[in-house]
Enquirer: 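Okay, here's the structure, questions in a sec.
Note: hydrogens, waters and symmetry copies are ignored here, and every other heavy atom, side chains too, is used. We're numbering straight along the sequence, starting at 1.
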Amino acid sequence: MKKFVRRISAAALVVACCISLSLSAFAAERASSYLSMYSAYTSAADDGKIEIVVSVIANRRVSELGASYILLEESDDGGRTWSTAEEFEGESWMTTTDRSTYSAILTYQGIIGHQYRVTADVFAEDENGGDSRTTPTSPAVTAKR
């Protein structure tokens, strides 16, 4: 019986460690007095499509919130070198007004077998000032069939 309980406890510990490691890969950054959290990541959909998700949460309702720049990078050599696949800047869909949350989901037609990662510059502003930050570069995903 002791051996069984010990094995269950060990398995539970392994599962807890795996979950905490996987969550840290997608953990949003803790920001500032204006920004609560922000993140940018990619996921691979079918037929080579890459979904890009950018999310920003402000501490309170602000006059403008969103992303000022989004960079999608591509690698065709297993992540040894990266080049710009797409850049977004100054588009109207990249910001929202009079809100405390912002989220955008974009779809990019990638090349099957290539890897993709994203970074975004995010911001929050109101009449008293504002703040901007850069998200950590997301983990790479591979475009699939």
Side-chain angles (χ1 to χ4, degrees), residues 6-145:
R6 217 178 290 154
R7 285 184 180 171
I8 293 295
S9 298
L13 182 61
V14 167
V15 168
C17 288
C18 289
I19 289 172
S20 68
L21 286 174
S22 66
L23 288 177
S24 68
F26 291 104
E29 288 292 305
R30 176 78 177 145
S32 67
S33 60
Y34 278 88
L35 296 167
S36 294
M37 294 190 317
Y38 51 89
S39 63
Y41 64 91
T42 56
S43 62
D46 292 336
D47 299 324
K49 290 183 175 66
I50 300 296
E51 291 185 348
I52 305 162
V53 179
V54 177
S55 179
V56 186
I57 302 174
N59 289 328
R60 60 190 174 280
R61 185 179 297 262
V62 292
S63 52
E64 191 169 14
L65 179 69
S68 58
Y69 179 73
I70 301 170
L71 172 64
L72 179 66
E73 294 177 295
E74 175 180 32
S75 175
D76 62 358
D77 61 4
R80 288 185 296 279
T81 60
W82 293 91
S83 60
T84 299
E86 188 77 51
E87 293 175 287
F88 303 95
E89 188 171 18
E91 303 286 338
S92 62
W93 55 264
M94 294 174 66
T95 62
T96 188
T97 57
D98 199 29
R99 304 273 315 262
S100 61
T101 62
Y102 166 82
S103 184
I105 302 172
L106 313 166
T107 302
Y108 175 81
Q109 182 58 58
I111 299 171
I112 294 169
H114 287 206
Q115 290 184 308
Y116 295 88
R117 65 186 187 183
V118 67
T119 305
D121 293 338
V122 299
F123 71 94
E125 293 178 355
D126 65 14
E127 62 279 353
N128 299 318
D131 196 9
S132 63
R133 301 291 169 107
T134 301
T135 66
T137 301
S138 70
V141 298
T142 303
K144 60 185 181 180
R145 290 197 184 276

Enquirer: Could you state the interatomic distance from CG (L106) to CD (E51), rounded to the nearest 0.5 Å?
Expert: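 Going from CG on L106 over to CD on E51, the span is 9.5 Å.
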Enquirer: Please round to the nearest 0.5 Å and tell me the distance separating atom CZ of F88 and atom CG of D121.
Expert: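 It is 14.0 Å, given to the nearest 0.5 Å.
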Enquirer: At what distance, to the nearest 0.5 angstrom, does CD of Q115 lie from CD1 of I111?
Expert: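 Here the interatomic distance stands at 13.0 Å.
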Enquirer: When you compare the side chains of T137 and T119, does any donor N or O come within less than 3.5 Å of an acceptor on the partner?
Expert: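 Per modelled atom types, T137 and T119 side chains form a pair under 3.5 Å.
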Enquirer: What closest approach, in Å, do A140 and W82 show between heavy atoms, and which atom pair accounts for it?
Expert: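 Here A140 and W82 meet closest at CB-CH2, 3.7 Å.
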Enquirer: Within this structure, what is the CD-OG distance for the pair E125 and S132, rounded to the nearest 0.5 Å?
Expert: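 Output value for this atom pair is 8.5 Å.
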Enquirer: Just to verify, what does R99 make a salt bridge (charged side-chain N to carboxylate O under 4.0 Å, His left out) with, not counting sequence neighbours?
Expert: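 Per chain and number, R99 pairs via salt bridge (charged side-chain N to carboxylate O under 4.0 Å, His left out) with no residue.
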Enquirer: Answer yes or no: is there a side-chain heavy-atom contact under 4.5 Å between K49 and Q109?
Expert: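 The answer is yes, as the side chains (C-beta and beyond) meet within the 4.5 Å cut-off.
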Enquirer: Checking R60 now: which residues fulfil salt bridge (charged side-chain N to carboxylate O under 4.0 Å, His left out) with it, not counting sequence neighbours?
Expert: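 Expected list: D126.
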Enquirer: Could you point out which residue of T95, V56, L65, L35 forms a side-chain contact (heavy atoms from CB on, under 4.5 Å) with F123?
Expert: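 Between F123 and the candidates, side-chain contact (heavy atoms from CB on, under 4.5 Å) is satisfied uniquely by T95.
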Enquirer: Can you confirm whether Y116 sits close enough to I52 that some side-chain heavy atom of one is under 4.5 Å from a side-chain heavy atom of the other?
Expert: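 Not touching, per the 4.5 Å side-chain cut-off.
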Enquirer: So, for K144 and I112, which heavy atoms are closest and what is the spacing to 0.1 Å?
Expert: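 Between these two residues, the closest heavy atoms are O-CG1, 3.7 Å.
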Enquirer: How about N128 and Y34: do any of their side-chain heavy atoms sit closer than 4.5 Å?
Expert: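 In contact.
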Enquirer: How long is the straight-line distance from OG of S138 back to CZ of R117, given to the nearest 0.5 Å?
Expert: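 Rounded to the nearest 0.5 Å, the CZ-OG separation comes to 8.0 Å.
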Enquirer: Less than 4.5 Å apart, any side-chain heavy atom of I70 and any of V54?
Expert: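 They are in side-chain contact.
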Enquirer: Where is the tightest heavy-atom contact between A120 and A40, given as atom of each residue plus distance?
Expert: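 Nearest heavy atoms, A120 then A40: CB-CB, 4.2 Å.
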Enquirer: What heavy-atom pair brings M94 and E89 nearest, and what distance separates the two atoms?
Expert: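 Heavy atoms of M94 and E89 come nearest at SD-N, 3.8 Å.
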Enquirer: If you round to the nearest 0.5 Å, how far is CZ of R145 from CG of D47?
Expert: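 Going from the CG atom of D47 to the CZ atom of R145 covers 9.5 Å.
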Enquirer: Between S39 and T135, is there a side-chain heavy-atom distance shorter than 4.5 Å?
Expert: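 The answer is no; the side chains never approach within 4.5 Å.
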Enquirer: Residues in side-chain hydrogen bond (donor to acceptor under 3.5 Å, both in side chains) with D77, at least two apart?
Expert: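 Expected list: S75, T81.
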